[in-house]
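Beneath this line is the structure, given in structure tokens, with notes to follow.
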Amino acid sequence: MSAFNGQSNSQLILALSKGRIFEDTLPLLEAAGITVTENPETSRKLILGTNDPNVRVIIVRATDVPTYVQHGAADFGVAGKDVLLEHGGEGLYQPIDLNIATCRMSVAVKNGFDYETAVRQGARLRVATKFVQTAREHFAAKGVHVDLIKLYGSMELAPLVGLSDAIVDVVSTGNTLRANDLVEVEAIMPISSRLIVNQAALKLKRERLQPIIEAFERASQPKSQ
């Protein structure tokens, strides 16, 4: 049931987060003939209109996008693989890797910390991250014992003040790591953003959703040389 009371099967709610995902999704929406009429960076509104009166965009935290879609407060959304792995993907249809907002999940340490030796000698590492599930699975697969410390931001600070030996975080350019004298020592996985759809909405609103899904799929395909 949608959070928008009285919403008909022709009305669609798209959940997006501010920043790179929002910007990278705009061309995909335009490929589907949808233009967002307001900029979330300059507007205080959390529900944005589009040129289609039956399509609205809600702006939520990146980590909350799967929850809004799962529970039907949004019909579909765009979320990073990193967020979806932590969420678990329950109740979500994930038809397309959109190949946008690409980065990687990595392990980083303070410059000078001998990560390879610590891992090889079986040291118990303290790892700070907001991606607890991903970090736990990664180090378990390597047979490395870790104490996981859940943080919600400023991850790079943890090794600098002795809170942790390492961090697990998403890395794009690596500039923030370098600015804080950290080095990337292990790439865990590539990350990109995916289209996610509420499973009930896919059945009840397929006629409206399917053309948008197909437009997103065409627009997100890598361009041939």
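Because the structure is predicted, anything quoted here is derived from the model rather than measured. Index from 1, following the sequence.
Between S106 and A187, the shortest heavy-atom contact is OG-CA, 3.7 Å. In plain terms, the two heavy atoms of V109 and D165 that are nearest each other are CG1-O, 3.6 Å. Smallest separation of non-hydrogen atoms from V65 and S17: CG2-N, 4.3 Å. Of all heavy-atom pairs between I167 and A158, the closest is CG2-CB, 4.4 Å. Of all non-hydrogen atoms in A73 and I58, the two that sit nearest each other are O-CD1, 4.3 Å. Closest approach of S220 and L28 over heavy atoms only: N-CD2, 4.1 Å.
No donor-acceptor pair closer than 3.5 Å links the side chain of T117 to the backbone N or O of D114. In this structure a side-chain-to-backbone donor-acceptor pair under 3.5 Å is missing from R218 to I213. Remark: the backbone N or O of G49 is paired with a side-chain donor or acceptor of T37 at under 3.5 angstrom. For T50 (side chain) and V55 (main-chain N/O), a donor-acceptor pair under 3.5 Å exists by modelled atom type. A donor-acceptor pair under 3.5 Å is absent between the side-chain atoms of T134 and the main chain of F131, judged by distance alone. In terms of modelled atom types and a separation under 3.5 Å, the side chain of K205 and the main chain of Q11 share a donor-acceptor contact. Remark: side-chain polar atoms of D64 are not paired, donor with acceptor, to backbone N or O of V60 under 3.5 angstrom. Formation of a donor-acceptor pair under 3.5 Å by the D24 side chain with backbone atoms of A101 is found in this model. When atom types are taken as modelled, the side chain of H87 and the backbone of G89 share a donor-acceptor pair closer than 3.5 angstrom. Judged by distance alone, the side chain of D181 and the main-chain N or O of N111 form no donor-acceptor pair under 3.5 Å.
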Considering only distance and modelled atom types, tabulate donor-acceptor pairs under 3.5 Å from the side chains of residues 197-204, sequence neighbours left out.
from, atom 1, to, atom 2, distance (Å)
N198, OD1, A200, N, 2.9
N198, OD1, A201, N, 2.8
N198, ND2, V69, O, 2.7
N198, ND2, Q70, O, 3.3

For the pair I13 and Y68, evaluate side-chain contact (heavy atoms from CB on, under 4.5 Å) and give the outcome as yes or no after the intermediate values. CA-CA 10 Å; I13 305 299; Y68 274 80; over 6 Å; no
Under the side-chain contact (heavy atoms from CB on, under 4.5 Å) criterion, do R194 and I96 qualify, and how do the steps go? CA-CA 6 Å; R194 289 151 191 258; I96 312 169; over 6 Å; no
Going through the distances and angles, do D169 and R104 end up as a salt bridge (Lys or Arg N to Asp or Glu O under 4.0 Å)? CA-CA 8 Å; D169 203 5; R104 59 194 177 275; over 6 Å; no
Begin with the C-alpha distance, continue with both residues' side-chain angles, and end with the deciding distance and a verdict on side-chain contact (heavy atoms from CB on, under 4.5 Å) for H138 and V168. CA-CA 10 Å; H138 172 70; V168 169; 5.7 Å; no
Using side-chain contact (heavy atoms from CB on, under 4.5 Å), reason through H71 and T67 one step at a time and then give a plain yes or no. CA-CA 6 Å; H71 292 283; T67 302; 3.6 Å; yes
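With contacts defined as side-chain heavy-atom distances shorter than 4.5 Å, the pair I100/V78 qualifies. Looking at V119 and F139, their side chains never come closer than 4.5 Å, going by heavy atoms from C-beta outward. The closest side-chain heavy-atom distance from N39 to L48 is not below 4.5 Å. Annotation: side chain of L125 is not in contact with side chain of H145 (no heavy-atom distance under 4.5 Å). Counting only heavy atoms from C-beta outward, the side chains of V127 and S164 never approach each other to under 4.5 Å. Residues I47 and V57 have side chains not in contact (no heavy-atom distance under 4.5 Å, counting atoms from C-beta outward). Side chains of L29 and T35 form no contact here, defined as non-hydrogen atoms less than 4.5 Å apart.
Screening residues 28-41 for salt bridge (Lys or Arg N to Asp or Glu O under 4.0 Å), with sequence neighbours left out, gives E38-K45.
No continuous path of ILVMFWY side-chain contacts below 4.5 Å connects V83 to L98, so the two sit in separate hydrophobic clusters. Linking Ile, Leu, Val, Met, Phe, Trp and Tyr residues whenever their side-chain heavy atoms come within less than 4.5 Å leaves M189 and V171 in two separate clusters. When the side chains of ILVMFWY residues are joined at heavy-atom separations under 4.5 Å, either directly or via intervening members, I191 and L195 end up in two distinct hydrophobic clusters. At a threshold of 4.5 Å between side-chain heavy atoms, the hydrophobic network of Ile, Leu, Val, Met, Phe, Trp and Tyr places Y115 and L182 in two separate groups. Grouping the Ile, Leu, Val, Met, Phe, Trp and Tyr side chains by contacts below 4.5 angstrom, directly or via other members, places I34 with L209.
Of the inter-residue distances, the one linking L157 atom CG with M155 atom CE reads 10.5 Å to the nearest 0.5 angstrom. The distance from the CG atom of L84 to the OG1 atom of T63 is 11.5 Å, given to the nearest 0.5 Å. Of the inter-residue distances, the one linking I21 atom CD1 with E23 atom CD reads 11.5 Å to the nearest 0.5 angstrom. For the atom pair CD of Q221 and CG of D97, the computed distance is 9.5 Å after rounding to the nearest 0.5 Å. The line from CG of L151 to OG1 of T129 is 8.0 Å long, rounded to the nearest 0.5 Å. In this structure, CD on E156 lies 14.5 Å from NZ on K110, to the nearest 0.5 angstrom.
By the side-chain hydrogen bond (donor to acceptor under 3.5 Å, both in side chains) test, R61 pairs with no residue at all, sequence neighbours left out.
Within a 6.0 Å sphere centred on NZ of K130, heavy atoms belonging to other residues, nucleotides or ligands number 12 at most.
Between D75 and R56, no side-chain nitrogen of the basic residue sits less than 4.0 Å from a carboxylate oxygen of the acidic one, so the salt-bridge criterion is not met. At a threshold of 4.0 Å, the pair E186-K142 counts as salt-bridged, since one of the basic side-chain nitrogens sits closer than that to a carboxylate oxygen. Taking a cutoff of 4.0 Å between a charged side-chain nitrogen and a carboxylate oxygen, D147 and R126 do not qualify as a salt bridge.
In this structure, F216 and F76 have tilted ring planes: the angle between them lies in the 30° to 60° band.
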